[in-house]
Amino acid sequence: MIRSTVTTLFISDLHLDEKNPEIGEQFLRFLEGEAADADALYILGDLFESWVGDDDPNPHYAIMKSALRALVDSGVPVFFMHGNRDFMISDQFAEETGVTLLSDPTPIELHGEKVLLSHGDALCIDDKQYQQVRLMTRNPDWQAMMRAKPLQERIAFAESARQQSKEYSDSVGEDIMDVNQDAVVGTFRTRGVDILLHGHTHRPAIHDVQLEDRVARRIVLGDWYEQGSVVRWDEKGPRLEALPR
Ligand code: MN
C-alpha cells in the first residue's frame with residue numbers, strides 16, 4: 001500500500017490506569033488504528049498514571065506494553081519521554097517494548113521546522129515546591145534507592161505520593177501550575193527552535209510566542225481523561241486535535 005502522506009503522531013498525559021479502563025481501550029484502538037499507519041509515534045510523558053519500576057507485573061500495564069511491542073515490531077518507531085508520573089520507566093521497559101527513551105528536552109527536525117519536545121513540567125517554575133520534588137525524584141541516587149525497595153513498598157509509596165500530589169494541586173492556584181512565560185521565552189532563545197511541543201499542563205492549545213525577532217509557537221497536548229488528544233504532523237504542518245471516545 002502506498003501512503004499518500006507521512007504523518008508523525010504526538011500524544012501525552014494518558015495516565016493509563018486499570019481504574020479507568022476506557023482510556024486503555026482507546027489507547028489500544030489508537031495503536032492498532034492510525035498509529036499503525038504513522039511514520040513515528042512520540043509519547044511525551046505520563047503515559048502511565050504511576051510507575052514504580054519496570055519489574056511491576058501489573059497486568060493492565062502488561063497489556064499496554066504488548067501493544068507497544070506489536071506497533072514497534074510492525075515497523076513504526078515509538079519514542080517515549082518521561083513524565084512526572086512515569087519517570088521510573090527504565091531500560092527493561094525499553095527492551096520489552098522496543099520503545100526508544102528520549103531525554104527531556106529533545107530537539108528534532110520535522111518538515112524543515114526545528115521542534116523541541118518536552119514533557120513540560122520543567123517549565124512550570126512558579127511551582128517551587130513541585131520543582132524541589134522534581135529535582136529529588138530525577139536524581140539517579142534517589143531512583144536507585146527506590147528501586148532497591150520491595151515492590152509492595154514502592155506501590156504503597158506511589159499511592160501516598162499520588163494522594164499528596166492531588167491534595168497539593170487542589171490547594172494551590174491554577175496559575176502556578178501552568179508554564180512560566182519567561183521560562184518559555186528563555187527556552188526558545190537558548191534552543192533556537194521554531195516550535196515547542198509539550199504536555200503536562202492538560203491545557204491543549206497552540207500559542208504564538210512573541211520573541212525579539214520572530215514569532216514562535218508553543219503547542220500543548222491535552223490529557224486523555226475524557227477524550228484523547230493528538231498532534232498529527234504532516235507536510236502541511238502540525239494539527240492539534242481531540243480524539244472523541
Ligand atoms: Mn505531567
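Order of listing sets the numbers, starting from 1, for every ligand and every atom in it. In what follows, every heavy atom counts, from backbone to side chain, and hydrogens, waters and symmetry copies are set aside. Position 1 is the first residue of the sequence, and the numbers go up from there.
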Practice task
Have a look around the Mn ion (ligand 1) and list protein N/O/S atoms under 2.8 Å, or say none.
Solution key: Asp46 OD2, Asn84 OD1, His119 NE2, His200 ND1
Problem - Between Arg245 and Gln26, a side-chain donor and acceptor under 3.5 Å - result: yes
Exercise for the section: Just jot down the salt bridge (Lys or Arg N to Asp or Glu O under 4.0 Å) partners of Glu25, sequence neighbours excluded, or say none. Expected result: none
Practice task
Establish, yes or no, whether a centroid distance under 6.0 Å links the rings of Trp224 and Phe30.
Solution key: yes
Practice task
Give the ring-plane orientation class for Phe80 versus His82, where under 30° counts as parallel, over 60° as perpendicular and anything between as tilted.
Solution key: perpendicular
Problem - Single-linkage hydrophobic cluster, 4.5 Å side-chain cutoff, Phe79 and Leu41 together - result: no
Exercise for the section: Could you check whether the rings of Phe87 and Trp142 sit parallel, tilted or perpendicular, using 30° and 60° as the cut-offs? Expected result: tilted
